[in-house]
Number of protein chains: 2
Amino acid sequence: MRDARDTKDQILDAAERLFAAEGFGATSLRRILGDVGLNPAAIHYHFGGKDEMVEALFERRLGPLNAERMRRFDALETRAGAAPTVASIVDAFISPALAPAARGEEGERFLRFVGRYLQESGEAASARLRRTFEPVIRRFVDLLARALPELRGEALAWRVHFLVGAMFHSMTCREHVSWLCGGVPSVSLERAREELIAFASAGLSAPALHAAELRS
Amino acid sequence: MRDARDTKDQILDAAERLFAAEGFGATSLRRILGDVGLNPAAIHYHFGGKDEMVEALFERRLGPLNAERMRRFDALETRAGAAPTVASIVDAFISPALAPAARGEEGERFLRFVGRYLQESGEAASARLRRTFEPVIRRFVDLLARALPELRGEALAWRVHFLVGAMFHSMTCREHVSWLCGGVPSVSLERAREELIAFASAGLSAPALHAAELRS
DNA sequence: GTCTATATCCTGATAGAC
DNA sequence: GTCTATCAGGATATAGAC
């Protein structure tokens, strides 16, 4: 009746939009396929199930995104002479995700979805995300470890974890920022990208904690 | 058959445990009430519905938690002479939530649940959380604004938003930290609290961004 | 006052129509 | 190859048993 390629993309578009808006668990196949004008069960022909559709959603966007991050990491490492700054490493990790989000609806939708999925999902999803992200995260952590030699394993891990949390939260609960700053109706995602780089770089660069400095 | 007070608390305990472990949308009343040995529909007698039960869950813990934050803010403001440091303000906001979590399962469970709920939920839940948190967040932002006079409205709002995101993410996806730092089996939540205070204080204190300093 | 039997709707998935 | 009719079970909620 219509081209399968188009149909698949239409389904993924609708799914991404609804997952971002309502959450993963709250969005039924019925709703998604209804938006495309198909029977709920069509999902099984095109993808195999709800979980497999999520996998397709990830692959469609995460491949290019993580490839871009790797390219930027490469560029930082091969730049002769200057060792990369913490801010430039953070920029290479954050901007491929947040710059498209700042440019338009589509990029933002995907990040909102990933953020929600990350929180909602159980072990299986966690493992899936880990498989996808591990190479790029490990590279990121290695670069940071060289730029911040005083930061030991667990400290660096927590701080990277905070950065990731801040990044996703910035997308998924963006509306909170409007009332946080006293009712500015529309906040800028480009601004968020810049502030996050500044915030996270400074946070990562904070002095390492030693037993003696711990506060109550 | 048994005391209603006990039953209510048993239901809330089971709900909190399951919400934290599996997520809000993924946890059915069937499952929760089954753990307590009751029919799923008993929820309607005790609370009125799933949403009202969530409200009760929040009230049980958030009241004391936010009251403690307010007490700490008061203590900072009335301390004669010294204006409070950024780190001490951040500590007053974070520690009442994270110190109980570090001390035991129960405190951690609640934070995991709130973090997941915050991400999963739509407008209604967002509004509910806003009503509960607005006074304490506004106080927090005001204190920070005085300690960081160079940080204007939207910049401060984004950075506080990052802090909140980092805080919840640190709880909800804690297992990720283990592999981030190369497989340390058990990471310390007390360590997370200390690192988060250092990370967020430094991030908030990063120089304000002006148009001229923006990077690609 | 405390809880259960039951109803209704909605979920994702199997099997089969075109 | 593409999609739909239908299914079995799970979701919350109403009405009523004890």
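Reminder, nothing fancy here: chain letters follow the sequence lines and each chain counts from 1.
- dT4(C) atom C1' lies 10 Å from atom CG of L38(B), rounded to whole Å.
- F110(A) meets the ring-ring contact (aromatic ring centres under 6.0 Å, His included) test with no other residue; sequence neighbours excluded.
- In this structure, D6(B) places its CG atom 18 Å from P of dG1(C), rounding to the nearest Å.
- Remark: F133(A) engages no residue in a ring-ring contact (aromatic ring centres under 6.0 Å, His included) (not counting sequence neighbours).
- One atom, CD1 of I43(B), and another, P of dG10(D), lie 19 Å apart when rounded to the nearest Å.
- Atom-to-atom, CG of D51(A) to C1' of dA13(C) comes out at 13 Å; the value is rounded to the nearest Å.
- Y45(B) places its OH atom 4 Å from the C1' atom of dG1(C), with the value rounded to the nearest Å.
- Near-neighbour residues of DNA chain D inside residues 24-35 of chain A, defined by a heavy atom below 4.0 Å, are absent.
- In this structure, N39(B) places its CG atom 14 Å from C1' of dG10(D), rounding to the nearest Å.
- The aromatic rings of H176(A) and W179(A) sit tilted relative to each other, their planes meeting at an angle between 30° and 60°.
- Look at NZ on K50(B): it is 13 Å from C1' on dA13(D), rounded to the nearest Å.
- The aromatic rings of F73(B) and F93(B) sit parallel, their planes meeting at an angle under 30°, below the 60° perpendicular limit.
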